[in-house]
Undergrad: 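Dropping the structure in here first, questions after.
Below, chains carry the letters A, B, ... as their sequence lines are ordered, and counting in each starts from 1.
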Amino acid sequence: MTKWLVKTEPEECSIDDFAAAPEKSIPWDGVRNYQARNFLQQMKPDDRVFIYHSSCKHIGIAGVVKVVRAAYPDPKQFDEGSPYFDPKRSAEKPRWYAVDMQYDAKLPSLIPLEQLKTMPELQELALVKRGNRLSVMPVSEAQWEAIRGTRKNAQ
DNA sequence: GCCAACGTTGGC
DNA sequence: GCCAACGTTGGC
């Protein structure tokens with residue numbers, strides 16, 4: 001089972017949206033970056049995923065969700081009314097993919113980016129590197145444990 | 001709101 | 001296939 005981290009603007013989709021309907025899955029769509037897409041395609045049901053809130057007041061890791069449906073063509077690339085519409089794509093040749101995710105756990109307290117940056121275990125995590133824009137990334141077991149084990153979030 | 005860093009596009 | 005211009009991301 002692989003572990004992951006995804007970025008999201010909480011106004012768009014936050015950990016609270018997952019927590020509000022823990023029995024429902026939410027499509028993770030609109031990813032329009034090749035490297036991020038490639039990672040999405042590697043996700044498997046039951047993989048765990050950190051939810052990171054970006055471009056907001058409280059930036060940091062807020063909770064955990066799980067993958068419940070592996071990658072499928074992102075319907076929004078075909079939807080003319082969607083901001084994620086991609087006019088060059090056809091149903092026969094999709095370029096972008098989505099997965100479905102469902103609530104797993106909210107962290108007792110958000111782990112701020114500022115704190116993540118100070119953790120020696122995370123120095124290789126793309127998230128904390130300067131200028132990084134990757135919105136979907138793998139998290140190693142050691143990185144996962146380090147994050148889950150931060151003092152405020154122990155247990 | 002600013003702006004640095006980055007990915008993508010398109011002319012040549 | 002280069003690279004300048006452009007649009008977007010995302011922390012501050």
Undergrad: Can you give me the N/O atom pairs linking the protein to nucleotides 1-3 of chain B at distances under 3.5 Å, or say none if there are none?
TA:
none

Undergrad: Run the ring-centre check on W96(A) versus Y34(A) and record whether the distance is less than 6.0 Å.
TA: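 Under 6.0 Å, so yes.
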
Undergrad: Over how many whole Å does the gap from N38(A) atom CG to dG7(B) atom P extend?
TA: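 Going from CG in N38(A) over to P in dG7(B) covers 13 Å.
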
Undergrad: Checking W4(A) against D47(A) for the side-chain hydrogen bond (donor to acceptor under 3.5 Å, both in side chains) test, could you report, in this order, the C-alpha distance in whole Å, the side-chain angles of both residues, the deciding distance, and whether it holds?
TA: CA-CA 8 Å; W4(A) 307 94; D47(A) 280 0; 2.9 Å; yes

Undergrad: What is the minimum heavy-atom distance between F85(A) and D79(A), and which atoms define it?
TA: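 What the structure gives for the nearest pair is CB-O, 3.0 Å.
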
Undergrad: In whole angstroms, how far is the C1' atom of dT9(C) from the OH atom of Y84(A)?
TA: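 Interatomic distance, OH of Y84(A) to C1' of dT9(C): 12 Å.
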
Undergrad: Could you tell me which non-hydrogen atom of Y97(A) sits nearest to which non-hydrogen atom of P73(A), and how far apart they are?
TA: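 Heavy atoms only, the tightest pair is CD2-N, 3.5 Å.
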
Undergrad: Enumerate the residue pairs fulfilling salt bridge (charged side-chain N to carboxylate O under 4.0 Å, His left out) with a member in residues 113-124 of chain A, sequence neighbours excluded, ordered by first and then second residue.
TA: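 Those involving residues 113-124 of chain A are E124(A)-K129(A).
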
Undergrad: Less than 4.5 Å apart, side chain to side chain, heavy atoms only: is that true for D100(A) and V67(A)?
TA: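 Of all side-chain heavy-atom pairs linking V67(A) with D100(A), none is under 4.5 Å.
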
Undergrad: Check the distance between dG7(B)'s C1' and Q35(A)'s CD and give it to me in whole angstrom.
TA: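 Roughly 11 Å, once rounded to whole Å.
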
Undergrad: Expressed in angstrom and rounded to an integer, what is the separation of W96(A) atom CH2 from dG7(B) atom C1'?
TA: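 Result: 10 Å.
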
Undergrad: Can you tell me the distance, in whole Å, between the CZ atom of R95(A) and the C1' atom of dT9(B)?
TA: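 One finds 13 Å between C1' of dT9(B) and CZ of R95(A), rounded.
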
Undergrad: Find out whether the Lys NZ or Arg CZ of R69(A) is both under 6.0 angstrom from the six-membered ring centre of Y72(A) and within 45° of the ring's axis.
TA: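 Yes.
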
Undergrad: Are any protein N/O atoms closer than 3.5 Å to N/O atoms in nucleotides 10-12 of chain C? If there are, list each pair with its distance.
TA:
| from | atom 1 | to | atom 2 | distance (Å) |
| --- | --- | --- | --- | --- |
| dG10(C) | OP1 | K7(A) | NZ | 2.8 |
| dG10(C) | OP1 | R133(A) | O | 3.2 |
| dG11(C) | OP1 | Y52(A) | OH | 2.6 |
| dG11(C) | OP2 | S55(A) | N | 3.1 |
| dC12(C) | OP1 | K117(A) | NZ | 3.0 |

Undergrad: Could you tell me if the side chain of I15(A) sits less than 4.5 Å from the side chain of F50(A), heavy atoms only?
TA: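 A side-chain contact is absent here, since even the closest heavy-atom pair is not under 4.5 Å.
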
